[in-house]
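Quick notes on the structure that follows.
Order of the sequence lines sets the chain letters (A, B, ...), proteins ahead of strands, with each chain counted from 1.
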Amino acid sequence: MLKVYNSLTRRLEQFEPLHEGFVGIYVCGPTVYGHSHVGHAKSYVSFDAVVRYLRFLGYRVRYVQNITDVGHLTDDADAGEDKVDVKARQMGVAPMEVAQLYTRSYFEDMDALNVQRPDISPCASGHIPEQIALIRKLVDGGHAYEVDGAVYFDVQSFPEYGRLSGRNLDELLEGTRVEARGDKRHPADFALWKKSEPGHIMRWDSPWGVGYPGWHIECSAMSMAYLGETFDIHGGGIENIFPHHEDEIAQAEAATGQQFVRYWLHNNMVTVDGQKMGKSLGNFITLKDAFAGRPPLDTPIRPMVMRYFILTSHYRSPLDFSMGALEAAGKGLERIENAVRRVRESLRGTVEGAPSGQIQQLLDETREKFLAEMDNDFNTAGAIGEMSAFTREVNRLMDEGDAVTRDGLEAVNQLYEQLGGQVLGIVTDESGRAVESAGIESDLVDAMLEVREDLRKAGHYELADGVRRRLSKLGVQVKDSADGPTWRFKKGAPS
RNA sequence: GGCGGCGUAGCCAAGUGGACCAAGGCAACGGUUUGCAAAACCGUCAUUCACGGGUUCGAAUCCCGUCGCCGCCUCCA
């Protein structure tokens with residue numbers, strides 16, 4: 001029985017979708033004016049696990065995640081410039097070129113992290129009519145007003161305003177950072193539509209003149225366009241609770257008179273050395289830099305290690321980024337990968353036979369505990385713990401050698417593929433395979449190892465060890481065993 | 001100032017009042033295996049959950065207080 005923590009009620013609730021067997025989920029996507037960073041990774045890996053698990057449970061899921069390519073300002077909702085617009089001017093290209101460039105970059109990084117693509121990735125600029133229609137509905141209903149080509153949402157017309165974030169309008173009035181604006185009725189009123197000044201590159205016709213949409217409106221408009229006026233899950237970063245999600249609720253519910261979202265899920269932030277990683281702080285790490293080993297990390301982080309690292313903490317907990325923690329995660333993942341490889345390689349050449357009682361019991365217990373962890377608000381950290389414990393047992397049984405039959409190994413492999421692969425996305429077809437190499441390289445390594453074997457047989461261990469050291473530096477890990485040496489290209493090694 | 005969260009072993013990190021004298025990973029130490037490595041396994045590693053009270057038959061888990069850290073109230077995943 002799946003339970004999820006709902007930010008709206010601040011408690012763990014039993015999850016029941018609006019329509020049986022179907023789940024509609026919307027997650028706030030990136031604003032595409034720069035490369036993605038590890039904060040994006042945490043958010044989208046976390047929600048990827050959520051979606052994967054819902055699908056594993058048998059739900060038909062429609063996953064919508066927007067791409068913000070217009071309307072997100074560098075400052076608050078009625079000052080500042082459009083982020084994409086600013087970047088376009090800096091680069092000397094059209095805004096849509098900026099958006100396309102970083103949209104591709106985003107998906108590239110997410111693919112590397114084994115994040116499954118959303119079913120629908122609507123961009124704000126492609127849904128201007130939907131946004132205008134929603135704004136018009138709000139104006140007609142008395143929830144929004146026009147001032148000189150701009151339209152603002154009237155927060156005082158929506159008594160529920162502040163419920164999600166635990167605020168009330170009086171407090172907002174006293175807030176140090178919300179300043180009164182001449183053209184707004186209440187300082188907390190926010191822009192639905194902005195007037196394009198003459199120099200502004202992005203401009204669309206609207207009933208209020210030439211302009212562009214505010215940032216919050218796209219999410220209300222697009223989520224309802226694809227998921228209906230009421231849908232199951234809305235996810236996003238905790239920092240977006242106010243004002244972004246609060247405003248989304250206000251816009252949607254004031255327009256439809258119905259509940260907008262049933263379950264609000266919020267993931268916590270990434271910190272670096274205990275400090276929030278933020279654009280304004282200048283301490284953010286892009287995924288491309290991290291994967292390539294460029295500063296500030298200087299060591300290449302394998303994307304799958306990043307994914308594993310993220311999933312070893314709960315999505316609602318903050319995650320502190322450090323090289324030490326990443327290295328530990330890398331070792332932990334490798335242990336699982338080694339076991340997967342060992343199991344897959346042993347599949348041939350094992351005796352026929354049904355799984356032993358021991359194996360069967362291990363499989364049953366692991367599955368049960370794993371699912372219990374995931375049922376508890378998608379506790380991937382606990383679930384990975386179960387995978388690790390399972391891995392130790394698998395290795396132990398294989399070391400002992402007697403209890404493992406072909407069918408037993410098949411079942412073990414299947415559990416890895418289902419729980420580690422399908423659900424967590426940390427086990428893939430690659431996990432059990434050595435890094436591919438162009439033919440001649442493999443042959444050369446084989447040739448060197450043959451020579452090395454001769455050296456070993458002749459007792460020239462220093463020379464043999466030297467060969468092994470040299471190969472290791474080249475990224476080839478050699479393992480001696482009773483049946484002769486085996487080798488593989490190390491993962492994550494510069495090649 | 002208002003709202004919210006966190007503080008669990010050397011480090012990272014689960015833990016929804018009772019099977020917790022607290023998962024899992026990393027590190028460390030001892031051992032098995034190995035020519036040596038690597039990999040893997042076995043054992044040791046928090047009688048205790050920031051601190052002080054309280055509620056309860058029972059608390060890491062609930063309540064109050066203290067200290068420390070963090071986030072939101074501007075843009076941010």
Side-chain angles (χ1 to χ4, degrees), chain A residues 3 5 7 10-12 27-31 36-44 46-47 72-77 79-80 83 162 165-168 170-172 174-179 215 235-244 266-271 274-281 284 308-309 312-314 316-320 322 324-336 338-339 342 369 373 375-377 379-389 391-400 456 459 461-462 464-465 468-469 472 477-482 486:
Chain A
K3 290 192 202 153
Y5 182 85
S7 304
R10 292 174 197 188
R11 64 182 57 173
L12 215 52
V27 173
C28 285
T31 300
S36 304
H37 50 68
V38 297
H40 293 103
K42 174 165 163 68
S43 184
Y44 300 122
S46 297
F47 285 111
H72 202 164
L73 306 184
T74 54
D75 213 314
D76 71 34
K83 289 177 169 180
S165 55
R167 279 154 230 261
N168 62 55
D170 296 339
E171 282 167 4
L172 284 168
E174 290 159 16
T176 51
R177 288 171 171 178
V178 180
E179 290 166 28
W215 173 39
I238 205 170
E239 80 285 358
N240 279 330
I241 290 177
F242 190 90
H244 186 56
H266 288 101
N267 69 281
N268 217 311
M269 316 285 289
V270 168
T271 57
Q275 285 287 306
K276 175 188 168 175
M277 193 188 74
K279 299 244 161 86
S280 51
L281 292 170
F284 65 95
Y308 176 90
F309 175 59
T312 53
S313 80
H314 190 95
R316 282 192 287 115
S317 303
L319 180 65
D320 194 46
S322 70
L326 274 168
E327 276 164 21
K331 296 258 179 73
L333 174 60
E334 254 176 67
R335 215 166 67 79
I336 292 174
N338 287 342
R342 186 179 180 189
K369 288 181 187 164
E373 295 289 1
D375 273 344
N376 181 23
D377 196 27
N379 188 354
T380 54
I384 283 182
E386 293 308 326
M387 290 304 290
S388 295
T391 293
R392 188 181 55 235
E393 289 304 303
V394 167
N395 273 318
R396 194 173 60 76
L397 292 171
M398 288 187 77
D399 280 354
E400 288 170 2
R456 291 181 69 209
Y461 289 119
E462 324 78 54
D465 290 351
R468 189 171 58 197
R469 269 198 305 277
S472 176
Q477 182 167 67
V478 176
K479 262 165 54 170
D480 292 323
S481 75
T486 61

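Residue R456(A) places its side chain closer to G35(B) than to any other of G35(B), A77(B), A38(B). Which of G2(B), A77(B), U16(B) sits closest to the side chain of T31(A) comes down to A77(B). Here the side chain of Y461(A) is nearest to one of A38(B), A23(B), G35(B), namely G35(B). Among the nucleotides A77(B), G2(B), G15(B), the one closest to any side-chain atom of N376(A) is G15(B). Nearest nucleotide to the K83(A) side chain, out of U16(B), C75(B), A77(B): C75(B). The side chain of F309(A) lies closest to C12(B) when the candidates are C12(B), C3(B), A14(B).
With a 4.5 Å cut-off on side-chain heavy atoms, L319(A) and T312(A) do not count as touching. Side-chain contact between I336(A) and S388(A) is present, with heavy atoms from C-beta onward closer than 4.5 Å. The shortest side-chain heavy-atom distance between H314(A) and D377(A) falls under the 4.5 Å cut-off. Counting heavy atoms from C-beta outward, H37(A) and V270(A) have side chains that stay 4.5 Å or more apart.
V27(A) comes within 4.0 angstrom of no nucleic acid atom, judged by non-hydrogen atoms across all strands. Using a 4.0 Å heavy-atom distance criterion, M387(A) is classed as making no nucleic acid contact.
To the nearest angstrom, P of G15(B) lies 16 Å from NZ of K369(A). For R342(A) and A38(B), the CZ to P distance is 17 Å, given to the nearest whole Å. Here C41(B) presents its P atom at 9 Å from CD of E393(A), a figure rounded to the nearest Å. The interatomic distance linking F242(A) (CZ) with C75(B) (C1') rounds to 14 Å, in whole Å. At whole-Å resolution of the value, CZ in R392(A) and P in A39(B) are 17 Å apart.
Distances shorter than 4.0 Å separate some side-chain N or O of R10(A) from OP1 or OP2 on G4(B). Distances shown here put every side-chain N or O of T271(A) at or beyond 4.0 Å from the OP1 or OP2 atom of G71(B). Side-chain N/O atoms of R11(A) include none lying less than 4.0 angstrom from OP1 or OP2 on U16(B). Side-chain N/O atoms of N395(A) include none lying less than 4.0 angstrom from OP1 or OP2 on A39(B). Phosphate contact (OP1/OP2 of A77(B), side-chain N/O of N267(A), threshold under 4.0 Å): absent. Taking side-chain N and O atoms only, N379(A) has a distance below 4.0 Å to OP1 or OP2 of G15(B).
Checking side-chain atoms of N376(A) against main-chain N and O of N379(A) turns up no donor-acceptor pair under 3.5 Å. Not one N or O on the side chain of S472(A) forms a donor-acceptor pair closer than 3.5 Å with the backbone of R468(A).
Searching all strands for a Watson-Crick or G-U wobble partner of A13(B) with both distances below 3.5 Å returns nothing. With a cut-off of 3.5 Å on both pairing distances, the Watson-Crick or G-U wobble partner of C6(B) is G68(B).
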Are any protein N/O atoms closer than 3.5 Å to N/O atoms in nucleotides 26-33 of chain B? If there are, list each pair with its distance.
residue: A27(B); atom: OP1; partner: K331(A); partner atom: NZ; Å: 3.1

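Comment: K331(A) does not engage E334(A) in a salt bridge, judged by the lack of any side-chain N to carboxylate O separation of less than 4.0 angstrom.
Mapping S322(A) and D465(A) onto RNA chain B by nearest heavy atom places S322(A) closer to the 5' end of the strand.
In terms of the ring-ring contact (aromatic ring centres under 6.0 Å, His included) criterion, residue partners of Y44(A) (sequence neighbours excluded) are, by chain and number, Y106(A).
The base of C36(B) sits within donor-acceptor range of the side chain of R468(A), with an N or O pair under 3.5 Å. Judged by atom type and distance alone, N168(A) does not reach the base of G2(B) through any side-chain donor-acceptor pair under 3.5 Å. Residue-to-nucleotide contacts include a donor-acceptor pair under 3.5 Å from the side chain of D480(A) to the base of C36(B).
The gap from the P atom of G25(B) to that of C41(B) amounts to 9 Å, rounded to the nearest Å.
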### Message
D320(A) vs T271(A), test: side chain to side chain donor-acceptor pair (under 3.5 Å). Steps then yes/no.
### Response
CA-CA 5 Å; D320(A) 194 46; T271(A) 57; 2.7 Å; yes
